[in-house]
Structure formats: C-alpha cells, structure tokens
Amino acid sequence: MAKTIKEINEKIKEGKAVVVTAEEIIDLVKEKGVKKAAQEVDVVTTGTFGPMCSSAAYINIGHSKPRIKLGGGRAYLNDVPAYTGLAAVDILIGANALPDDDPRNRIYPGEFNYGGGHVIEGLVAGKDIRLVATAYGTDCYPRKKLETWINIKGLNEAVLFNPRNAYQNYNVAVNLSDKTIYTYMGVLKPELGNANYCSAGQLSPLLNDPYYKTIGIGTKIFLGGGIGFVAWQGTQHDPTVLRSEKGVPRRGGGTLAVIGDLKQMAPRWLVGASMLGYGCTLTVGIGVPIPILSEEILKYATVTDDEILAAVIDYANAYPNMKPDIITEVSYAQLKSGRIVVRGNEVPTASLSSYPRAVEIAKILKEWIASGKFQLTEPVAPLPGVESGVTFKPLKERPIED
Amino acid sequence: MTVAKRIVLHFPRRLVDRPIICRLIKDYNLEFNILKAVVTPQEEGVMVMELSGEQDNYDKGIEFLTGNGVRIQALGQDVIRNEERCTHCGACLTICPTLAFEVDPTTRKVNFNEERCVACGLCIKACPPRAMEVHF
Ligand code: SF4
Ligand code: SF4
C-alpha cells in the first residue's frame with residue numbers, strides 16, 4: 001500500500017489529509033501499529049528552532065537617481081557591513097556580520113549586541129533600516145555616496161538564503177578546562193559545570209527522514225514563518241556519518257540549504273541572537289513535512305528521543321584543536337531529563353534550540369496542510385545519500401612560500 | 001534613625017575567603033540577615049542580605065565594603081524577562097546560580113521564578129535573544 005505525493009495532494013486539496021506532528025505520531029503508532037498508521041496518516045510534520053549561523057538575506061534595493069553601483073563598493077545596514085560583491089544594487093547581509101566598531105572580544109567576553117542576524121530580524125519586522133553606501137563611480141553609475149532609510153516593503157526582492165541550516169544531529173558541548181569558556185554552544189562552566197545541546201531531537205526534520213528518502217532539493221517547507229524551499233544540500237552535509245542500527249546519525253550528519261521570500265516571514269521565527277564571547281547569529285524556525293509514502297518512511301518518522309544519540313565533546317580543547325576525541329554518547333531523552341552523567345559526574349544540561357517553538361512550528365505546518373493551503377512538492381533531485389560517499393573534509397593546509 | 005535595606009554584595013575572587021562581613025558587623029554595629037549566598041562560575045561571591053542599623057553606621061559600613069572592593073547593588077534593581085523575546089530555549093537554565101529558571105516537563109517551556117532571582121546579572125548577557133533585562 002504505497003501512496004504517492006500526488007494522491008496525498010489530492011486529499012490535501014479536499015481537506016481530507018490526515019496530518020500529525022512528529023511528536024504525535026509516536027503515540028499513534030504505539031496505539032495502532034505501523035501498518036494501520038501508515039494507511040491512515042498522510043503527512044508527519046517536523047520542526048526546529050535554533051541558532052543557525054550560516055544564514056543570510058540578499059536584497060535588491062532598486063536604482064537611485066542618479067545611479068550608483070554598490071558592487072565593489074561598501075554598504076552598511078544599521079552600521080553592519082553587507083556584502084557588495086554582487087551587481088549594482090544587490091547586497092547580502094550575513095547573520096554573523098558585525099559593525100566595524102564593535103569591540104568584538106577585545107573586551108572579553110564580547111557582548112555582540114547587534115549584528116547581521118539582528119538586521120535580518122529588523123527587516124522582517126518591517127523596521128526602517130539605515131543604508132549607508134559608498135562606491136567608486138563609473139560613467140554609467142556616476143554616484144559615489146548614498147544614505148537612505150530602506151524598508152522591506154519598498155525593496156524589489158528580499159530573500160532569505162541560508163547555506164547551512166537544520167543540522168541532522170549535533171554535538172553536546174562541555175568544558176573540561178578549569179575556566180569558563182564562551183562558545184557558539186553558549187557559556188560553558190569549568191570542569192563539566194554544564195552541558196549544552198542544540199537539536200529538537202525527535203521533532204527535528206532530518207532525524208525523521210534519516211536517509212533523505214522524502215526530503216530533497218525542491219521540497220517545500222515552513223521557513224521563518226513563511227514558505228520556503230530546500231535549495232540544495234547544506235554545506236558540510238555529511239551523509240556517511242556514523243549511524244545507529246536504525247539509521248539515525250550519531251554525529252552531525254546531513255544539513256539543508258534553504259531559500260524563501262523574506263517578505264512573507266515573521267520576526268517570531270527569525271530572531272537575532274548574541275552568543276556571549278562568540279558573535280551574532282540568527283535563530284531560524286524550519287518545519288519540513290514528511291509524506292508517509294510507505295511503512296518504512298513512517299517507521300523512520302516515529303524516532304524517539306531515547307533512540308537518538310549525540311556525542312559529548314570538550315569545547316575547551318578537543319573542539320578548537322580539531323581532535324576527534326569524544327568523551328561519551330548520550331541520548332536526547334537523557335539530555336532532556338536535565339542531567340547527564342559524564343565521567344562519573346552528574347552534569348546539568350541546557351538547550352540552545354527551543355523545543356516549545358519547534359512544537360509550535362510542527363503544529364502550524366500541520367494546520368497549513370490540514371486546511372488545504374499548503375501542498376507538498378515532489379523533490380526535483382535527491383540530497384546526496386550514504387551511497388554518494390560525500391564526506392565532510394577538514395582543510396588541508398598548504399603553506400604559501402614566496 | 002535606623003535603616004534596614006536589602007542589598008546584593010558582589011565579592012571579587014580575592015575577597016571570597018576574607019572575614020569582611022564579620023568586621024562589618026563588629027566595627028559598625030550593624031545587624032544582618034543573609035537571604036542568599038552563592039559563588040558564581042567566575043568565582044565571584046554573591047550575597048543577598050538585609051542590613052540594618054543606625055543610618056550613620058550603615059553609611060560608614062557601606063563605605064567600608066565598597067572601599068574593600070565589594071560591589072553593591074540595591075535589591076530594588078529588578079531583573080525581569082521580556083516575554084515577547086524569550087524563545088524558551090533554556091540556555092539560562094545552567095547559568096543561573098540560584099536556579100531561578102525551571103523547565104516545565106510537559107510543555108518544556110522555561111519558567112522564571114522571580115522570587116529566587118538575586119539580580120546577579122549573569123543571565124542578562126548569556127541569554128541569546130537578550131530576553132532578560134535589568135530595570136532600575
Ligand atoms: S536563555 Fe533567554 S530566551 Fe532562552 S529560555 Fe532563558 S530567558 Fe528565555
Ligand atoms: S539575575 Fe539571572 S542569573 Fe542572576 S539570579 Fe537572577 S535570574 Fe539568576
């Protein structure tokens with residue numbers, strides 16, 4: 001009894017599709033069994049909401065009179081530098097960008113109160129943003145200076161384009177040194193003072209489709225409160241990573257590059273964040289629907305927190321120095337209990353990604369589909385899978401000699 | 001005139017094991033009641049107390065403390081959570097020395113128990129969306 005995406009879309013159109021979240025499906029399958037549940041359920045919705053550094057937005061500001069060519073010049077959005085290596089009035093703002101005069105870590109730990117992620121949040125929130133730009137001037141683009149307020153409403157295009165989001169799984173960060181460290185995984189207290197993790201676990205998109213059997217290039221998703229698409233595999237996509245017997249990655253694993261119209265998104269789902277001593281980033285909300293095309297796909301989508309293992313890594317030494325050492329493995333069920341045991345010590349845990357918001361995303365997506373306003377898409381190409389042999393390689397440095 | 005105030009004392013690391021409070025009480029004839037005391041990850045000592053005595057002595061006692069490098073905050077300084085900005089991630093859970101944050105086991109939302117907060121300020125910069133705010 002295999003279904004097709006086309007058949008599911010027919011049911012969605014008629015308002016008859018059965019949609020449940022990746023959390024709800026767990027109990028439903030326990031109650032009804034895989035076979036019956038696979039017949040009844042058409043779509044399982046997933047969600048995740050966490051800081052995702054490899055995120056950016058590009059905008060087209062329209063041409064000024066006289067014209068200016070920002071390409072090759074400089075542009076700032078609320079004092080945060082934007083990338084100008086594109087055409088005349090296309091600029092890109094990355095989540096990690098910082099104002100030139102931000103003290104960074106000169107005053108340690110740096111506070112990083114405002115950066116690219118906050119600019120993106122401000123744009124989405126419909127706030128006026130100050131654009132200050134300089135250019136070198138050409139015969140066809142004579143202007144050299146531009147200072148103006150811009151607003152997302154007046155832009156030709158505003159597109160969120162994130163090269164790496166939705167990590168399939170992620171490290172648990174601890175600190176084995178004797179002083180507090182400030183990382184992208186949060187503040188880590190000395191001598192195993194705490195352990196931070198960052199995944200929605202059983203609700204997370206790629207953990208519910210571990211072999212990318214339904215999620216592919218072109219998959220329509222919930223992105224930042226609006227509709228987006230999977231554009232490509234994300235950078236550092238690593239399908240050949242160590243997996244459990246059931247196929248669940250025990251390390252980072254796959255990633256997604258996603259794209260969508262920023263104009264339809266909402267600041268609740270794109271929140272600028274400041275990681276003390278580390279930098280600025282953007283917290284991104286993503287939800288992916290999984291069409292239940294077979295019992296096998298359903299089985300993958302019933303993954304539970306106790307079946308998902310993550311590696312505990314020392315961010316004081318092993319991580320910065322690219323050492324492969326893993327202290328231990330723990331499950332998300334253990335992480336969510338508030339305490340894990342590492343080297344015989346009880347270590348309190350905290351999450352950087354928001355589970356309540358991930359639940360909310362899965363529920364919104366469920367509602368969109370059930371009400372007929374969100375149809376599923378057939379992927380146009382698969383993501384590289386285990387058979388691709390794609391791995392995540394370190395940099396091989398080659399010294400430059402004069 | 002006698003006064004009684006609730007204050008937060010921040011002891012730098014070098015003062016943590018010195019008998020400062022002992023001298024404060026003896027030399028300035030003040031009474032105290034410790035409400036909370038913790039050592040933060042930076043090994044700064046944080047103590048919340050009610051301090052009372054003659055205004056004159058009280059002022060001199062405070063002068064003695066600050067002269068010795070103890071930073072003093074009035075407890076009236078409120079730390080509140082901006083509910084609009086809080087994403088309920090939980091990054092603050094292990095940061096707060098008094099365990100003022102708690103996860104609701106069913107919704108996994110992060111509750112903030114203001115009564116437990118000693119206004120140490122540690123969560124302010126550790127909260128990624130900066131939802132925790134100090135109000136004077
Ligand atoms: S760290 Fe900030 S956003 Fe996260 S739960 Fe705590 S107060 Fe809320
Ligand atoms: S200021 Fe923040 S970290 Fe300090 S006691 Fe209050 S809630 Fe806890």
Side-chain angles (χ1 to χ4, degrees), chain A residues 49-51 109-114 117-118 121 175 178-182 184-191 193-198 200-201 203 267-269 271-278 280-283 285 335-339 347-360, chain B residues 10-14 16 38-46 71 79 81-113 116-135:
Chain A
F49 185 76
E111 295 184 4
F112 304 103
N113 292 313
Y114 195 87
H118 301 87
E121 182 190 331
N175 174 6
D178 60 5
K179 63 176 205 338
T180 298
I181 59 170
Y182 301 89
Y184 72 91
M185 290 297 285
V187 181
L188 299 173
K189 300 198 268 186
E191 278 142 21
N194 57 344
N196 285 356
Y197 63 100
C198 192
L203 251 192
R268 180 170 176 79
W269 306 109
V271 180
S274 307
M275 303 309 295
L276 187 61
Y278 181 75
C280 287
T281 185
L282 184 69
T283 311
L335 286 163
K336 286 182 186 171
S337 77
R339 270 167 204 280
V347 183
T349 59
S351 168
L352 295 175
S353 88
S354 167
Y355 195 77
R357 287 276 177 105
V359 172
E360 213 179 315
Chain B
H10 296 260
F11 295 83
R13 197 177 177 147
R14 67 186 160 82
V16 168
V38 285
V39 176
T40 70
Q42 284 75 31
E43 311 237 320
E44 184 198 61
V46 179
R71 193 157 55 80
V79 169
R81 183 164 74 176
N82 179 337
E83 298 297 335
E84 285 274 292
R85 267 206 93 67
C86 173
T87 64
H88 296 272
C89 61
C92 49
L93 288 172
T94 53
I95 297 300
C96 175
T98 63
L99 305 177
F101 299 97
E102 257 172 352
V103 183
D104 180 316
T106 41
T107 63
R108 299 214 63 83
K109 286 204 167 156
V110 177
N111 297 326
F112 172 46
N113 302 315
R116 286 209 205 140
C117 171
V118 295
C120 73
L122 280 175
C123 61
I124 309 288
K125 304 278 187 235
C127 163
R130 297 288 154 81
M132 299 305 297
E133 300 170 351
V134 193
H135 288 247

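Proteins get letters first, then strands, A, B, ... in listed order; numbering begins at 1 in each. All of these numbers come straight from a predicted model, not from anything done at the bench.
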Less than 4.5 Å to any heavy atom of chain B: does that hold for the side chain of K179(A), its backbone, both, or neither? neither
Does any backbone or side-chain atom of T283(A) lie under 4.5 Å from a heavy atom of chain B? Answer side chain, backbone, both or neither. neither
Residues that R130(B) engages under salt bridge (Lys or Arg N to Asp or Glu O under 4.0 Å), provided they are two or more places apart: none
Measure distances from T87(B) to the heavy atoms of chain A and classify the residue's part below 4.5 Å as side chain, backbone, both or neither. both
Relative to each other, are the rings of Y278(A) and Y184(A) parallel, tilted or perpendicular (30° and 60° limits)? tilted
Got a sec: does the CD of E83(B) have more than 12 other heavy atoms crowding it under 6.0 Å? yes
Do the side chain of R81(B) and the main chain of A131(B) share a donor and acceptor less than 3.5 angstrom apart? no
Residue selection (most heavy-atom pairs with chain A, distance under 4.5 Å) from P128(B), A126(B), P129(B): P128(B)
Can you tell me which portion of C92(B) sits under 4.5 Å from chain A's heavy atoms? Options are side chain, backbone, both or neither. neither
The interface call for T349(A) against chain B, heavy-atom contacts under 4.5 Å, is backbone
Using a 4.5 Å cut-off on heavy atoms from C-beta on, say whether the side chain of K125(B) contacts that of Y182(A). no
